[in-house]
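Below is one structure, written out as structure tokens; the observations come after it.
Since this is a predicted model, take the numbers as computed values, not measurements. Side chains included, hydrogens not; waters and symmetry mates left out as well; all remaining heavy atoms used.
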Amino acid sequence: MLQPSRVKHTKVHKGKLKNRTSRGAELSFGTFGLKSEESSWLKSNQLESARKVMARFIQRGGKIWTRVFPDKPRTSKSSEVGMGGGRGALSHFVVPVEAGRMIFEIDGLSEEQAREALRLAAHKLPIKVRIVKR
């Protein structure tokens with residue numbers, strides 16, 4: 001799974017999600033891409049699951065770029081722990097994805113293969129996405 005090798009602060013503020021992204025909205029590397037239609041947090045295991053299903057489908061035929069990186073730490077308290085006692089321990093990492101942000105890009109495949117690989121990846125993500133073409 002994607003995660004930073006080390007973090008300076010394990011407990012950070014939640015922050016606010018913007019409605020639209022101001023950067024990373026265009027295709028930069030590949031010919032086809034998966035673009036988010038909603039703003040949400042994506043966990044590192046969700047991104048990894050989508051990446052794995054794409055890689056398995058294309059079988060060394062093309063190249064995949066992941067345009068987002070989960071570097072925001074999230075904490076959670078263990079189950080059956082009462083209220084109070086401060087914030088919990090580090091649980092997982094997320095990436096805040098705004099609407100319009102490019103999540104994955106793919107190249108080196110025919111249009112049918114690329115669309116099918118991105119469609120399989122879209123089923124693994126908890127947000128609405130759109131397949132875009134250069």
Once salt bridge (Lys or Arg N to Asp or Glu O under 4.0 Å) is applied, do any residues pair with [X], and if so which ones, sequence neighbours excluded?
X: Glu112; value: none
X: Glu38; value: none
X: Arg67; value: Glu105
X: Arg134; value: none

[atom1] of [X] to [atom2] of [Y]: how many Å apart, nearest 0.5 Å?
X: Phe104; Y: Ile64; atom1: CZ; atom2: CD1; value: 8.0 Å
X: Ser110; Y: Glu116; atom1: OG; atom2: CD; value: 10.5 Å
X: Lys43; Y: Arg74; atom1: NZ; atom2: CZ; value: 10.5 Å

So with a 6.0 Å cut-off around [atom1] of [X], is the heavy-atom count from everything else above 12?
X: Arg23; atom1: CZ; result: no
X: Lys124; atom1: NZ; result: no
X: His13; atom1: NE2; result: no
X: Glu37; atom1: CD; result: yes

Please report the closest heavy-atom contact between [X] and [Y], naming both atoms and the distance.
X: Val129; Y: Ala122; value: CG2-CB, 3.4 Å
X: Leu42; Y: Pro126; value: CD2-CD, 3.7 Å
X: Ser36; Y: Ile127; value: CB-CD1, 3.7 Å
X: Leu47; Y: Pro70; value: CD1-CD, 4.0 Å
X: Ala50; Y: Leu125; value: CB-CD2, 4.1 Å
X: Thr21; Y: Arg101; value: CG2-N, 3.7 Å

Counting only N and O atoms by type, is there a donor-acceptor contact under 3.5 Å from the side chain of [X] to the main-chain atoms of [Y]?
X: Lys77; Y: Gly84; value: yes
X: Lys72; Y: Lys14; value: yes
X: Lys18; Y: Ala99; value: no

Ala117: side chain to side chain contact (heavy atoms under 4.5 Å, CB included) partners, not counting sequence neighbours:
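With neighbours one apart ignored, the set is Met54, Phe57, Ile58, Ile106.
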
Is [X] isolated, or which residues cluster with it under the ILVMFWY side-chain rule of less than 4.5 Å, directly or via members?
X: Phe29; value: Trp65
X: Trp41; value: Leu17, Val94
X: Met102; value: Leu27, Val132

Could you walk me through whether Phe32 and Leu109 pass the side chain to side chain contact (heavy atoms under 4.5 Å, CB included) check?
CA-CA 9 Å; Phe32 298 93; Leu109 299 172; over 6 Å; no

Checking [X] now: which residues fulfil side chain to side chain donor-acceptor pair (under 3.5 Å) with it, not counting sequence neighbours?
X: Thr31; answer: Asp107
X: Lys11; answer: none
X: Ser39; answer: none
X: Glu48; answer: Arg51

In sequence, state the C-alpha distance, the side-chain angles, and the governing distance for His92 and Asn45, and then conclude on side chain to side chain contact (heavy atoms under 4.5 Å, CB included).
CA-CA 9 Å; His92 59 277; Asn45 59 350; over 6 Å; no

If two hydrophobic side chains count as joined below 4.5 Å and joins carry through other members, does Met1 share a cluster with Phe93?
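No; Phe93 is not reachable from Met1 via cluster members.
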
Would you say Ile103 ends up clustered with Val95 if hydrophobic residues are merged whenever their side chains have heavy atoms under 4.5 Å apart, either directly or through other cluster members?
yes

Would you mind reporting whether Ser44 and Gln3 have side-chain heavy atoms less than 4.5 Å apart?
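No, too far: nothing below the 4.5 Å cut-off.
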
